[in-house]
Amino acid sequence: MPPPKDGKWWPQRSAPTRKCTAVEMDTARREEVHNRDVKLPFHDVQLGVVCQEGCYPDKKGHVNQDCFVFEPSFGGDDTQLLLGVFDGHGGGGEACAQIASTIFPKKLEALRKDRVRNKLEVHGDRSAAVPTDPAVTAFGKAFVDSNETVVRELGDVSRSSGTTAVVAHIIGDMLHLGNVGDSRAILGVADTREEEEGKKAGGSSASDDVWAVVEVTHDQTCFRADERERMRRDAADPVMFATLGMILGEVAMSDDFGEETIEAADDPPRVFRSGESFPGCAFTRSLGDTIGKKLGVSPDPEMLTYQLDTSVRCLIIASDGVFEFMENEEVLAIAEKHWGDPSAACDEIVAVAYQHWATEDTRSDDVTCIVAYFTPLAGAVPPTAPVAVPTMATMNWKKVRTTIRASAIKNRPALRFANAVLAKAAIELRRRRGSLAMEELFPDFDFKKVSELRRLVSLKSGMKLLSVDPSAAGK
């Protein structure tokens, strides 16, 4: 991480010396942690981090606004591990993320030590009770206090600048997560019943598992009706939610924003002061963003505790530079492929995310990814319920849908047409067969080479997948 300068106590990055003219990744403009081994009481952990600066050909001197926290033996305790991703935004976004990522571990450690005086509950290992109210926990207060530090240090700069924060605090085998904003954490979990059966048959290992995604954070965006309701309740000033198309009068005002999907990110609902065209933030919680705070944008985290049992294979924490165009399953598949080499997993996840940005946009956001692999040791608890592994039909349907939508994302009328064709095909097949037998619906689709098909850049190419007559399916 770059050192402090200009009398400021937080790190600051220097501006790039060359201007990019196309979306290209400059690996000299990144920070990383290469394959670190950490031993926890019930797991061996392998860790890697890549924090890659984005590329804005039309923006002079863009500096990476992502930061991360990586602290093994947190607080001097070998049973603890602290990991986090902070994604800054706005003109002072880099400073917001640098301040928050630097101060958060210090705040958390101090609050945990002074919990009695501060009348705070703390998260602990498997023997400790899990606090139920984030507002009275040291973990939750660390987010709020970090927000106050960002605002105090930056003053007016933080009016329309801020940062997300997703932090994982592992104590023993207990994963405690706090999140504000739209950075994300997911787990890769294996069906250990199949693994045990494989071992009895003389084979199988963790690398042979089929991993499923377990979402352990939920993006806090205006797509969420519960967050919009909370903001209306908490706002000091009148608040409204609208897309830019609604603000510009291109689309009728409505609160029906539908699902949060990759293509919907083209024009997501945002937070505005009622009757105004500011601040326009697309998230509902953050650190900083003092204008947004009057409208209900909150620094209070959503929190979750998850016990890392013998089925957990990896934890991935990443900024929305990864998840803007990548589904959770695509990210996890890369991590699964590189089992045992977290740095290689981070490298590929970042590279693929950059490739998506280059294909779908004229720029690339900053991209940060942490991958932690877990190998259970003696004493690790077995899973309490079987892992819900998606069926092949479900996975294949998602691949076809994602490919076609990615092809049409730059053409909104074409996208609506593609969605309509997909919906009609799905309804027809469900009516006749009661399931989504995608191999029959799309016999020419090579599901094993979907990564190549994702590079399609025109609806015409994507729609070739739909050239088969649905009535011929099943004959």
Side-chain angles (χ1 to χ4, degrees), residues 32-50 68-74 77-85 123-127 167-177 185-216 304-318 328-329 331-349 369-389:
E32 56 190 324
V33 176
H34 186 77
N35 286 354
R36 289 279 298 276
D37 294 331
V38 174
K39 184 172 284 294
L40 295 176
F42 305 105
H43 295 84
D44 283 335
V45 188
Q46 297 172 294
L47 295 136
V49 185
V50 170
F68 65 91
V69 167
F70 178 87
E71 293 202 13
S73 300
F74 174 66
D77 184 349
D78 289 342
T79 70
Q80 297 190 35
L81 171 63
L82 191 71
L83 304 169
V85 168
H123 293 85
D125 59 19
R126 61 167 67 170
S127 66
V167 181
H169 185 195
I170 301 174
I171 307 175
D173 61 349
M174 302 302 291
L175 168 64
H176 306 292
L177 275 155
I186 61 174
L187 289 173
V189 180
D191 188 341
T192 54
R193 297 173 305 166
E194 290 186 2
E195 180 184 347
E196 291 303 318
E197 291 172 3
K199 287 179 179 178
K200 290 176 184 178
S204 184
S205 66
S207 61
D208 298 320
D209 294 332
V210 175
W211 295 4
V213 170
V214 174
E215 297 179 355
V216 285
L304 173 143
T305 291
Y306 190 103
Q307 187 165 24
L308 300 170
D309 56 41
T310 57
S311 71
V312 174
R313 293 291 174 262
C314 79
L315 168 68
I316 301 170
I317 308 174
N328 292 337
E329 291 78 8
V331 175
L332 182 62
I334 295 172
E336 184 174 3
K337 180 175 71 172
H338 291 288
W339 167 258
D341 190 348
S343 289
C346 289
D347 282 339
E348 183 170 349
I349 289 169
C369 182
I370 299 174
V371 172
Y373 290 127
F374 297 91
T375 302
L377 303 174
V381 298
T384 56
V387 178
V389 178

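None of the values given here were measured: they were computed from a predicted structure.
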Between T384 and D309, does a side-chain contact (heavy atoms from CB on, under 4.5 Å) hold up when you go through it step by step?
CA-CA 9 Å; T384 56; D309 56 41; 5.7 Å; no

Test side-chain contact (heavy atoms from CB on, under 4.5 Å) on L47 and L83; report intermediate values, then the result.
CA-CA 10 Å; L47 295 136; L83 304 169; 3.7 Å; yes

Using the rule given for side-chain contact (heavy atoms from CB on, under 4.5 Å), can you reason through Q307 versus R126, listing the C-alpha separation, both sets of side-chain angles and the distance that settles it, and then say yes or no?
CA-CA 8 Å; Q307 187 165 24; R126 61 167 67 170; 3.9 Å; yes

Intermediate values then yes/no, side-chain contact (heavy atoms from CB on, under 4.5 Å), T375 and W339:
CA-CA 10 Å; T375 302; W339 167 258; 3.8 Å; yes

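Listed here is the closest heavy atom pair of R36 and P72: NH2-CG, 3.8 Å. In this structure, E32 and D347 approach most closely via the heavy-atom pair OE1-OD1, 4.2 Å. What you find for L40 and L377 is that their closest heavy atoms are O-CD1, 3.9 Å. Of all heavy-atom pairs between Y373 and A345, the closest is OH-CB, 3.4 Å. Considering all non-hydrogen atoms of both residues, F374 and C314 come closest at CD1-CA, 4.0 Å. Contact record, V189 with S311: CG1-OG, 3.1 Å, taken as the closest heavy-atom pair.
Taking 4.5 Å as the limit, some side-chain heavy atom of P342 sits within range of a side-chain heavy atom of N35. I316 has its side chain within reach of L332: a pair of non-hydrogen atoms, C-beta onward, lies under 4.5 Å apart. A heavy-atom distance below 4.5 Å is not found between the side chains of S343 and E348. Between D37 and Q46, some side-chain heavy-atom pair lies under the 4.5 Å cut-off.
A distance-only check finds no donor-acceptor pair linking the side chain of Y306 to the backbone of L177 [under 3.5 Å].
Distance check, rounded to the nearest 0.5 Å: CG of D173 to NE2 of H43 gives 6.5 Å.
Note: H176 and H123 have tilted aromatic rings, judged against thresholds of 30 and 60 degrees for the angle between ring planes.
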